[in-house]
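One structure is given here, and the rest of the page talks about it.
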Amino acid sequence: MGYLIRGARLADPRTGQTDACDILIEGDIFAQIALAGSIDVAGHEVLEADGLIALPGLIDVHVHLREPGFSHKETIATGTQAAAAGGFTQVCCMPNTSPVTDTPEVVRFITHEAKRHGFATVHPIAAMTYGLKGEALTDFGALKKAGAVAFSDDGRGLQSAGMMKRALQLSREQGMPIAVHAEDETLSAGGHLHDGAVAHSLSIPGIPTEAETTMIARDILLAQATGAHVHMCHVSPETAVAAIREGKRRGVRVTAEVTPHHLLLTEEEALTKGAAAKVNPPLRAATDRRACIEGFLDGTLDIVATDHAPHTPEEKARSIPEAPFGFTGIEISLPLMYTAFVQSGLLSIAELAARMSWRPAQLFGLPGGFVAAGQSADLTLLDPSEVRKVEPDSFRSLGKTTPFAGRKLTGWPVATFYQGRLVYDRVYTQGEV
Ligand code: NCD
Ligand code: ZN
């Protein structure tokens with residue numbers, strides 16, 4: 001007795017093909033993938049999926065789950081339920097927790113909590129320096145052994161080039177990437193929005209693009225010097241896209257992620273959305289946004305990551321200077337990307353599956369990212385005809401703030417299978433799992 005998903009078009013990121021298939025799940029793995037109509041229905045629970053698109057379970061390498069320490073903003077349970085509702089079956093969580101994820105104990109706590117709830121696999125990204133203070137490097141070997149998949153001081157830039165070089169050498173020895181939050185604090189100092197026309201008109205201090213790009217340029221040089229894999233988080237300025245493109249051309253092991261908000265929004269959002277549009281790095285100028293789109297389409301920016309950064313509604317109701325950076329994203333990332341890139345004809349659905357599942361798995365050394373017999377049954381069903389507005393109040397995440405609130409989007413996830421279990425379902429049982 002297994003689930004037989006009949007007639008969905010399966011987007012294969014490895015071949016670029018999207019063909020109508022029958023998909024049989026038995027236990028926690030895919031037992032058989034075959035042409036639509038060819039698997040005998042006898043003995044299986046049949047889920048008719050005609051008109052739906054099947055994708056390998058999505059993978060987000062940049063989320064903030066806030067536990068331990070900030071469970072009023074999000075918990076591992078609510079964050080992974082939000083992931084399931086967004087079509088994600090694996091996420092990497094950032095170490096700016098309390099205590100910071102800088103010891104094997106915290107790494108193990110996170111993976112254990114995620115397993116206990118069972119909505120998605122959580123791969124912890126461990127801190128690069130103790131307490132994210134930029135003073136002393138953590139024990140990379142012990143953190144890897146405990147289950148960390150990368151190192152990062154996300155939320156803060158590592159100011160010392162010497163320490164970054166040493167971190168890259170050590171991460172190379174462990175065969176793991178460093179995920180860089182690029183921010184020179186002497187340049188970003190005190191800024192809240194992109195240093196541009198909107199910040200000026202509101203008399204709010206700005207964060208210039210060079211605060212990000214000088215660090216990105218520095219770390220590309222250090223990756224070249226050490227042979228390490230450096231991964232640039234949430235890239236936003238045109239100058240950074242150009243630096244990464246050039247680094248790749250020279251053969252440096254540099255990869256990068258871009259967020260849906262940097263692809264789709266600009267500094268202008270702050271005029272109407274206030275602190276709901278406050279994020280780090282900031283939403284930038286229209287020219288930066290265009291460069292991110294170009295970089296994403298030509299592969300300079302390899303993958304999509306949400307930077308899901310939930311805060312309480314009270315915190316985000318404050319004025320721009322007083323509110324924290326960041327907003328919720330994981331439940332709307334797929335429809336945002338589907339609407340902007342697939343429906344508009346810029347990318348095929350199989351290519352989007354590559355950027356949101358297969359490539360993230362490759363860059364971070366994770367399992368999955370494609371659908372094949374014998375693989376863990378992680379699968380997302382998307383309804384390309386579903387048109388619906390973003391309603392933050394219905395998010396599973398405790399973070400209810402997004403500058404995309406009220407936006408009409410096409411192509412929503414309707415069911416998510418995680419290790420063979422239906423962990424999110426809006427079509428088959430009509431209820432919430
Ligand atoms: C993140 C957070 O809230 O932890 N905020 C944000 O604006 N992106 C930190 C980060 O990803 O830099
Ligand atoms: Zn960051």
Side-chain angles (χ1 to χ4, degrees), residues 60-76 79 82 91-101 110 124-129 131-132 134 150-159 177-185 188 191-194 207 211-213 215-216 219 230-237 240 256-263 265 267 269-270 273-284 301 303-316 318 320-330 333 397-404:
D60 189 346
V61 302
H62 191 145
V63 305
H64 296 272
L65 295 180
R66 304 299 191 204
E67 235 186 329
F70 302 106
S71 50
H72 54 294
K73 295 176 192 268
E74 190 80 293
T75 66
I76 290 166
V91 299
C92 299
C93 65
M94 286 299 180
N96 58 344
T97 49
S98 180
V100 166
T101 312
I110 293 168
I125 293 179
M128 200 165 33
T129 69
L132 308 176
F151 303 103
S152 180
D153 274 3
D154 185 51
R156 301 210 43 200
L158 181 52
Q159 304 302 300
I178 295 248
V180 170
H181 171 109
E183 179 176 347
D184 183 315
E185 290 170 359
S188 65
H192 300 287
L193 298 172
H194 171 64
I207 301 174
E212 188 174 340
T213 305
M215 279 291 195
I216 284 183
D219 292 350
V230 68
H231 175 79
M232 302 305 177
C233 295
H234 41 47
V235 174
S236 67
E257 69 193 34
V258 65
T259 65
H261 49 272
H262 289 117
L263 288 168
L265 303 175
E267 57 181 335
E269 292 296 313
K273 313 276 165 61
K278 180 178 179 181
V279 66
N280 193 16
L283 302 172
R284 297 210 184 263
L301 307 180
I303 61 173
V304 180
T306 63
D307 190 9
H308 176 78
H311 295 287
T312 64
E314 296 72 35
E315 288 168 312
K316 290 300 283 186
R318 295 179 194 151
I320 292 175
E322 261 142 38
F325 289 102
F327 44 71
T328 299
I330 203 161
S333 171
S397 171
L398 300 181
K400 308 292 183 191
T401 306
T402 164
F404 292 108

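Just follow the structure's listing: the first ligand is 1, and inside any ligand the first atom is 1.
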Using a 4.5 Å cut-off on heavy atoms from C-beta on, say whether the side chain of [Y] contacts that of [X].
X	Y	result
I330	V91	yes
E74	H64	no
M215	E183	no
T401	E315	no
P95	P124	no

Under a 4.0 angstrom heavy-atom cut-off, which atoms of ligand 1 come close to [X]?
X	answer
H311	3 (O)
H234	11 (O), 12 (O)
H181	12 (O)
N96	2 (C), 4 (O)
G155	9 (C), 10 (C), 12 (O)
D307	6 (C), 8 (N), 11 (O)

Of all the non-hydrogen atoms in the protein, which one sits nearest to [atom], and at what distance?
atom	value
atom 5 (N) of ligand 1	F325 O, 3.4 Å
atom 3 (O) of ligand 1	R66 NH2, 2.8 Å
atom 1 (C) of ligand 1	H64 NE2, 3.6 Å
atom 10 (C) of ligand 1	D154 OD2, 3.3 Å
atom 6 (C) of ligand 1	N280 O, 3.5 Å

Counting backbone and side chain alike, does [X] bring an N/O/S atom below 2.8 Å of the Zn ion (ligand 2)?
X	value
H181	yes
H234	yes
D307	no

*Do any nitrogen or oxygen atoms of V279 come within less than 3.5 Å of a nitrogen or oxygen of ligand 1?*
no

_Using a plain distance cutoff, I'd like to know if A309 has any nitrogen or oxygen under 3.5 Å from a nitrogen or oxygen of ligand 1._
no

*Which of parallel (below 30°), tilted (30 to 60°) and perpendicular (above 60°) describes H261 and F327?*
perpendicular

Which atom of [X] lies closest to which atom of [Y], heavy atoms considered:
X	Y	value
V100	A127	CG1-CB, 3.7 Å
K273	P403	NZ-O, 3.1 Å
F325	H192	CE2-O, 3.6 Å

*Hey, which N, O or S atom on D154 ends up closest to the Zn ion (ligand 2)?*
OD1

_Please tell me whether H62 and D154 have a donor and an acceptor in their side chains that are separated by less than 3.5 angstrom._
yes

*Go through the steps to decide whether T101 and I125 satisfy the test side-chain contact (heavy atoms from CB on, under 4.5 Å), and finish with yes or no.*
CA-CA 8 Å; T101 312; I125 293 179; over 6 Å; no

*asked:* Yes or no: does H62 have any heavy atom under 4.0 Å from an atom of ligand 1?
replied: yes

